[in-house]
Structure formats: C-alpha cells, structure tokens
S.K.: 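Handing you a structure now.
Every chain is numbered from 1, with letters handed out A, B, ... down the list of sequences.
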Amino acid sequence: MAPQTRNQFPKVVIERDSDSEPSSSEEEEVEDQEEEDEEEEEVVESENRERKEEVLDEKKKGKAPITISLKKVCKVCKKVGHEAGFKGATYIDCPMKPCFLCKMPGHTTVTCPHRVATEHGVIPAPRRNTSNPLEYVFERQLRPGILPIKPAFIIPDRVNCAVIRYHSRRVTCLEFHPKNNNILLSGDKKGQVGIWDFAKVHEKIVYGNVHSCIVNNMRFKPMNDDSIYAASSDGTISCTDLETGISLSLMNLNPGGWQGPSSWRMLYGMDVNSEKGVVLVADNFGFLYLVDTRSNNKTGEAILIHKKGSKVVGLHCNPVQPELVLSCGNDHFARIWDMRRMEAGSSLYNLAHKRVVNSAYFSPLSGSKILTTSQDNRLRIWDSIFGNLESPSREIVHSHDFNRHLTPFKAEWDPKDPSESLAVIGRYISENFNGAALHPIDFIDISTGQLVAEVMDPNITTISPVNKLHPRDDVLATGSSRSLFIWKPKEESEPVEEKDERKIIVCGRAEKKRSRKSGNRSDDDSDDDKFASKGSKLKSKKPEWKLTRCSNKVNR
DNA sequence: ATGGCATGGCTCC
DNA sequence: TGGAGCCCCTGCCA
C-alpha cells in the first residue's frame with residue numbers, strides 16, 4: 001500500500017540555522033567525516049574558540065558583521081557536522097541512528113512514512129479466513145453481534161477539558177466508576193488512590209495509605225461498586241472501601257519485609273473473574289496468584305505463566321467467556337489461558353512480540369479480538385481469537401516506546417464502539433503544533449490503522465500515557481504526569497445527529513495564530529482545579545487559538 | 001535558571 | 001547468567 005499523506009496535518013518545518021551549510025552538502029559531509037570524526041571531536045572545541053576570537057577581532061576593527069559557521073556536535077552520537085535535538089518545537093533526529101518511530105534504518109522520524117500516515121503498511125480488515133471449526137462457530141454466533149459497518153464518528157470541533165492535580169507522583173492507572181458516571185478513580189506511583197467527581201470539578205478524595213508504592217492496576221469489586229481492588233509494587237492486593245478509605249490487604253507477597261531487590265515481589269497485572277469470584281494477580285517473577293473474593297484468601301499455589309523472573313504486566317479476563325485469560329509481560333509474549341486448567345506451560349496460545357508487551361486486552365463486547373501495545377512501537381491486532389493466531393492480523397506503527405520515567409503506554413478499547421474498531425492511546429513523540437511541541441492522545445481505527453482523531457491542548461505540554469474511555473458517556477480520562485484531565489465535547493458545538501450514531505471526543509487541530517512563548521506551561525502551576533472550555537480559558541491568557549473541525553477520516 | 005535525579009529495559013561482556 | 005553502563009523528544013525540584 002502506497003503511503004498516504006494526511007494533507008490536513010501540520011507541516012513539519014525543519015528550521016535550519018541561517019549560518020549553516022546547505023542541507024544537501026551537510027549529509028554528504030557527515031558521510032565523509034565519519035572516519036575522521038574521532039580526531040576532529042577533540043579539535044572542535046579549540047577550533048570554535050579560535051573562530052569566535054576571529055569574529056571579535058573583526059568587530060573591534062569596526063568591519064561589517066559576518067556570519068560564521070561553527071562546527072556542530074551531535075549530542076546523541078557525539079559526532080561532528082550535525083546536531084540532534086529541538087529546533088523550536090520540532091525535534092531533529094540524529095541521522096546516524098535508525099528511525100526512532102518504526103526502528104528501520106535509512107530515514108529519520110521526521111520523514112518516516114508511518115509518521116506521515118499511521119495506516120502506512122497496514123493491511124486493512126477483513127482478516128484472513130481459516131477453516132477452523134471454532135471459527136465457523138464464531139462466524140455463526142458471535143460475528144452477527146459485531147457491527148460490520150462502523151458507525152459514523154461525529155467529531156465536535158472543540159472539547160472542554162477539566163484539569164485537576166492531587167497526586168504527588170505520576171499517575172499510573174485510571175478507572176471509571178461502573179455506575180456513577182462522574183466518578184474517576186486514579187492510582188499513582190506513590191501508592192495513593194484518588195476519587196474525583198469531575199462533574200463537580202473540585203470534589204476529590206485522596207486516600208494516601210492504600211499502598212506504599214506504585215498502584216499498578218485497579219478493578220471495581222463486582223456486585224459492590226463501593227470497593228476497589230488494587231495491585232501494587234509493594235507486593236500486596238488491597239480492597240478499599242471508597243466511602244471510608246478503609247483498606248484491607250488480601251495478600252502480601254513480602255511478609256518478611258525488604259530483603260533486597262532479588263526477593264522483593266511486586267504485583268502488576270490484575271483482573272477479576274466475577275463468575276468464579278476470583279481475583280487474578282501476577283507478579284514480577286512470572287507468577288500468577290488467585291485470591292478468593294469471599295474468603296479474601298489466596299487459593300492454590302502460584303502458577304508460572306511467563307518466563308521465570310520476568311514481569312507479568314497485564315491480565316485480562318474475556319468479557320464473554322471469563323475463564324479465558326489473556327496475560328502479557330516482559331518476556332515479549334502475550335498468552336491466552338484457560339483458567340480451568342492453568343499450570344506452567346499450559347497456555348492455549350502464545351502471541352509473540354518483538355519487545356516488552358505493555359498491555360493486552362480482549363475486545364470489550366464480543367471478546368473475540370485482541371489488541372496489544374508493545375515497546376517496539378507497534379499496536380498489534382488479532383481479529384479473531386478463534387482464527388489463526390500465528391501472526392497478528394495487523395500491526396500499526398505508533399510512537400509509544402519511551403519507558404523510563406513514564407507510565408507505560410497502553411492502547412485502550414472504546415467500550416462503546418459496537419464495531420470494536422476504535423482504540424485510544426497517548427503519543428510519545430511530539431509534533432509541532434503551531435510552535436508548541438505537544439504530545440497528542442490518538443484515536444486509532446484499528447481495522448485500518450488510520451488516525452481518526454488526535455486530542456491535545458496547547459496548555460498541556462506533558463506526555464499522556466494513561467488514557468481511558470468512559471463506558472457510557474463521550475468522555476475521555478487522561479493521566480499525564482501528576483495531573484488528571486477529563487475531555488468532553490463542548491456542548492454548544494455538539495452537532496445534531498441521529499441517536500444511534502455515536503460521537504467521540506476530539507479536539508480540532510489549532511490553526512497557526514500564536515507564538516511559542518504563550519504556549520508553555522500550565523500543567524497547573526498552582527494546585528487549583530480548573531474547568532474551562534478551550535475558548536474561555538485561553539481567551540483570558542491571550543492566545544488566539546482557532547480550532548478547526550477535524551474531518552471524519554474513517555472509511556465506511 | 002539549570003543541573004541532578006528517579007528509574008527500566010536492553011546490550012555487551 | 002548477571003552486572004555495568006547506556007539511553008531518545010521526561011518532569012520535577014532544589
């Protein structure tokens with residue numbers, strides 16, 4: 001498939017110093033110099049000094065100012081002749097390195113075809129057929145439940161954004177209340193759990209003593225929405241009453257306390273099988289534990305489900321057949337299991353990835369698709385768990401590979417999309433939006449690889465790795481560094497549409513109007529909460545953002 | 001204003 | 001097999 005251009009996307013402008021050599025010769029120069037770089041590196045400093053002195057001399061003599069070209073040293077590869085880093089709001093890659101987005105050599109991120117179009121190289125659905133009998137049953141019984149035609153995505157031209165910051169460390173997980181539409185739960189790296197009523201904006205509760213370090217996953221207790229389970233790197237699972245904040249520890253993997261990093265167990269992946277009344281949780285050594293929700297006790301022995309000593313970061317029970325379990329972890333695999341006979345090596349399928357798998361989820365309605373996020377900068381989709389699972393149905397190159405200092409990116413399904421084709425994921429790489437380097441949150445049509453929409457705010461300059469779509473409303477929740485955001489369509493701009501059509505929240509891309517200077521900061525310097533429409537909030541700050549309506553890019 | 005640092009996976013030996 | 005050192009666009013704080 002030929003690369004397609006997103007015409008309407010902002011052009012990436014590479015600013016070159018006026019005093020630098022023409023670009024054509026620059027690349028060649030780099031090639032030529034490669035061998036002699038070693039020596040030149042040492043010379044460059046003194047050379048620069050000399051040239052500067054020359055300029056000063058010229059100035060003293062009262063001659064007309066001249067422009068000179070100083071040797072550049074790349075901070076990435078330490079070689080001379082080019083520079084990597086931000087030029088304004090655009091990041092220039094080191095040409096000596098392979099593309100950071102798709103990991104292929106021969107080009108840099110700026111010219112990567114996957115950056116130009118997320119659908120580049122993606123083979124769209126329909127998937128391949130197999131003659132597997134299970135797939136036949138699937139086609140007969142489940143397929144009719146999945147809408148073959150995607151609903152129209154009605155895209156408002158603006159969104160309201162509510163901002164709150166009550167976490168003192170970065171946000172690690174989010175969960176919407178199963179019944180109360182305005183309640184968002186958040187966990188952080190410090191072990192705190194927050195409850196935010198985003199309809200009332202200022203109303204929040206923070207429980208500081210739920211865990212002593214990272215809250216990795218939270219799930220509401222089935223049949224009792226006043227309690228949540230949380231798995232933490234402190235090695236415990238907690239069950240916390242949201243009204244009182246009283247927390248009960250269901251399991252502690254480190255009863256002997258800290259004996260050094262080689263023995264300290266941390267809990268990552270977690271899910272609840274409500275039919276069986278079991279909490280499934282997995283640790284950083286590859287083991288799965290089952291906890292009975294009635295007795296609040298561990299049942300059975302730990303089961304090795306991933307490579308021994310590797311972290312199991314995700315667990316998900318199939319929404320239709322809860323005994324089917326999907327796990328993923330640092331051994332580069334996502335694995336499908338039957339809970340009824342789980343033991344080391346008994347996985348039904350092993351889905352290979354090239355790098356660490358950050359998340360793996362069954363599709364939310366039929367449970368028949370799988371979506372994974374891997375640190376090789378690819379989303380992978382398997383269209384049918386009953387079909388051929390040898391290789392994914394599609395791979396979508398998407399920037400989400402940064403792993404240090406950030407909560408891992410996870411692509412999340414839209415639980416409201418009847419066609420099970422919409423996913424949301426934050427973007428690591430920034431783009432130059434009218435002079436501001438912003439990290440958007442992407443809505444991707446996983447059946448085609450197309451970028452349906454991107455959400456960003458000129459005041460939010462941080463990366464947003466944690467995202468969750470509301471199970472019922474057109475609301476997106478985002479965790480970005482220590483802040484939480486709620487994005488909603490702006491009411492007055494909501495188009496009138498047929499009732500069975502659903503909308504997604506999207507922020508139009510801003511037209512160029514404002515300087516970089518006014519675009520910085522705000523991730524909330526005060527601890528005040530804010531709720532503002534883009535229009536009103538930004539008007540007071542004087543930036544003139546003109547928000548354009550995003551076109552509906554979904555193929556129908 | 002600016003440097004230090006927390007921190008995790010990967011590669012190399 | 002395990003420890004040292006490297007790394008790419010971080011974000012916060014002293």
Side-chain angles (χ1 to χ4, degrees), chain A residues 12 14-15 74-79 82-105 107-110 112 115 165 167-172 188-191 213-214 216 233 260-264 266 268 284-286 306-313 328-333 353-358 373-377 398-409 426-433 435-440 456 459-466 479-484 516 519-527:
Chain A
V12 179
I14 304 167
E15 294 175 18
C74 174
K75 65 176 180 184
V76 175
C77 70
K78 312 285 188 290
K79 287 185 176 165
H82 64 276
E83 269 180 315
F86 274 106
K87 283 263 190 287
T90 304
Y91 189 86
I92 309 300
D93 277 337
C94 169
M96 297 292 126
K97 299 271 180 172
C99 174
F100 288 119
L101 178 54
C102 71
K103 314 293 183 198
M104 307 301 277
H107 63 271
T108 60
T109 313
V110 173
C112 179
R115 184 170 190 179
R165 190 166 76 176
H167 286 289
S168 57
R169 290 290 181 271
R170 60 167 213 253
V171 174
T172 53
D188 72 17
K189 190 169 159 286
K190 205 180 175 189
C213 61
I214 313 179
N216 289 307
S233 291
S262 58
S263 62
W264 184 260
M266 303 187 261
Y268 284 84
N284 58 329
F285 289 102
H306 279 262
K307 185 181 169 187
K308 199 167 187 181
S310 75
K311 194 192 284 179
V312 183
V313 291
C328 64
N330 281 20
D331 64 351
H332 301 193
F333 278 96
H353 293 68
K354 292 214 173 63
R355 290 288 189 90
V356 167
V357 189
N358 290 348
T373 308
S374 171
Q375 289 194 16
D376 65 355
N377 263 357
H398 180 265
S399 170
H400 53 251
D401 64 340
F402 197 65
N403 52 49
R404 273 189 316 175
H405 322 307
L406 285 177
T407 306
F409 290 87
R427 197 190 306 172
Y428 167 57
I429 202 165
S430 71
E431 283 199 61
N432 182 349
F433 290 99
L438 302 179
H439 306 267
M456 87 290 292
N459 290 302
I460 298 168
T461 54
T462 48
I463 295 171
S464 305
V466 192
S480 186
S481 188
R482 295 154 55 177
S483 301
L484 298 174
R516 166 122 172 97
N520 52 17
R521 279 313 308 172
S522 87
D523 162 22
D524 221 279
D525 284 322
S526 69
D527 271 350

S.K.: Given C:dT10, C:dC9, C:dC8, which nucleotide is nearest the side-chain atoms of A:K97?
M.R.: C:dC8
S.K.: Taking for each residue the nucleotide of DNA chain C with the nearest heavy atom, is it A:R169 or A:D401 whose nucleotide lies nearer the 5' end?
M.R.: A:D401
S.K.: Just the rounded figure in Å: distance from P of C:dT10 to NE2 of A:H439.
M.R.: 7 Å
S.K.: Rounded to whole angstrom units, what separation is found between the CD1 atom of A:I429 and the C1' atom of C:dC9?
M.R.: 7 Å
S.K.: Kindly give the heavy-atom pair with the smallest separation between A:M96 and A:C77, and that separation in Å.
M.R.: CG-SG, 3.7 Å
S.K.: If the P atom of B:dT7 is compared with that of C:dC13, how far apart are they to the nearest Å?
M.R.: 14 Å
S.K.: Ignoring backbone atoms, establish whether A:S481 has a side-chain N or O less than 4.0 Å from OP1 or OP2 of C:dC12.
M.R.: yes
S.K.: What is the nucleic acid contact for A:L406, judged by heavy atoms within less than 4.0 Å: base, sugar-phosphate only, or nothing?
M.R.: nothing
S.K.: Do the side-chain N and O atoms of A:R170 and A:T407 include a donor-acceptor pair separated by under 3.5 angstrom?
M.R.: yes
S.K.: Using whole Å, what does the distance between atom P of nucleotide C:dC9 and atom NE2 of A:H398 come to?
M.R.: 19 Å
S.K.: Spell out protein contact along nucleotides 6-13 of chain B as letters: B when the base is contacted, S when just the sugar-phosphate is, - when no protein heavy atom is under 4.0 Å; keep the 5' to 3' order.
M.R.: BBBSS---
S.K.: Any chance you could measure A:K189, atom NZ, to A:S481, atom OG, to the nearest 0.5 Å?
M.R.: 10.5 Å
S.K.: Of all the choices, C:dC12, C:dC9, C:dC8, which nucleotide is nearest to the side chain of A:F100 once you look at every atom?
M.R.: C:dC8
S.K.: Determine, for A:D401 against A:R355, whether the closest basic-nitrogen to carboxylate-oxygen distance falls under 4.0 angstrom.
M.R.: no
S.K.: Please identify each residue that fulfils side chain to side chain contact (heavy atoms under 4.5 Å, CB included) with A:Y91, with sequence neighbours left out.
M.R.: A:V76, A:A84, A:F86, A:D93
S.K.: Quick one: does A:T462's side chain get under 4.5 Å of A:S483's, heavy atoms only?
M.R.: no
S.K.: Using atom CZ of A:F409 as one end and atom P of C:dT10 as the other, report the distance to the nearest whole Å.
M.R.: 11 Å
S.K.: Between the side chains of A:N377 and A:S399, does any donor sit under 3.5 Å from an acceptor?
M.R.: no
S.K.: Return the value, rounded to whole Å, for the distance between atom NE2 of A:H167 and atom C1' of C:dC12.
M.R.: 17 Å
S.K.: To the nearest Å, give me how far apart CD1 (A:I463) and C1' (C:dC8) are.
M.R.: 11 Å
S.K.: Can you tell me how far P of C:dC9 sits from NZ of A:K103, to the nearest Å?
M.R.: 12 Å
S.K.: Is there side-chain contact between A:L484 and A:V171, with heavy atoms separated by less than 4.5 Å?
M.R.: yes
S.K.: Using Watson-Crick and G-U wobble pairs whose two distances are both under 3.5 Å, how do you write the pairing of DNA chain B as dot-bracket, with | for links to another strand?
M.R.: .|||||.||||||
S.K.: For a 4.5 angstrom cut-off between non-hydrogen side-chain atoms, does A:H167 reach A:K190?
M.R.: no
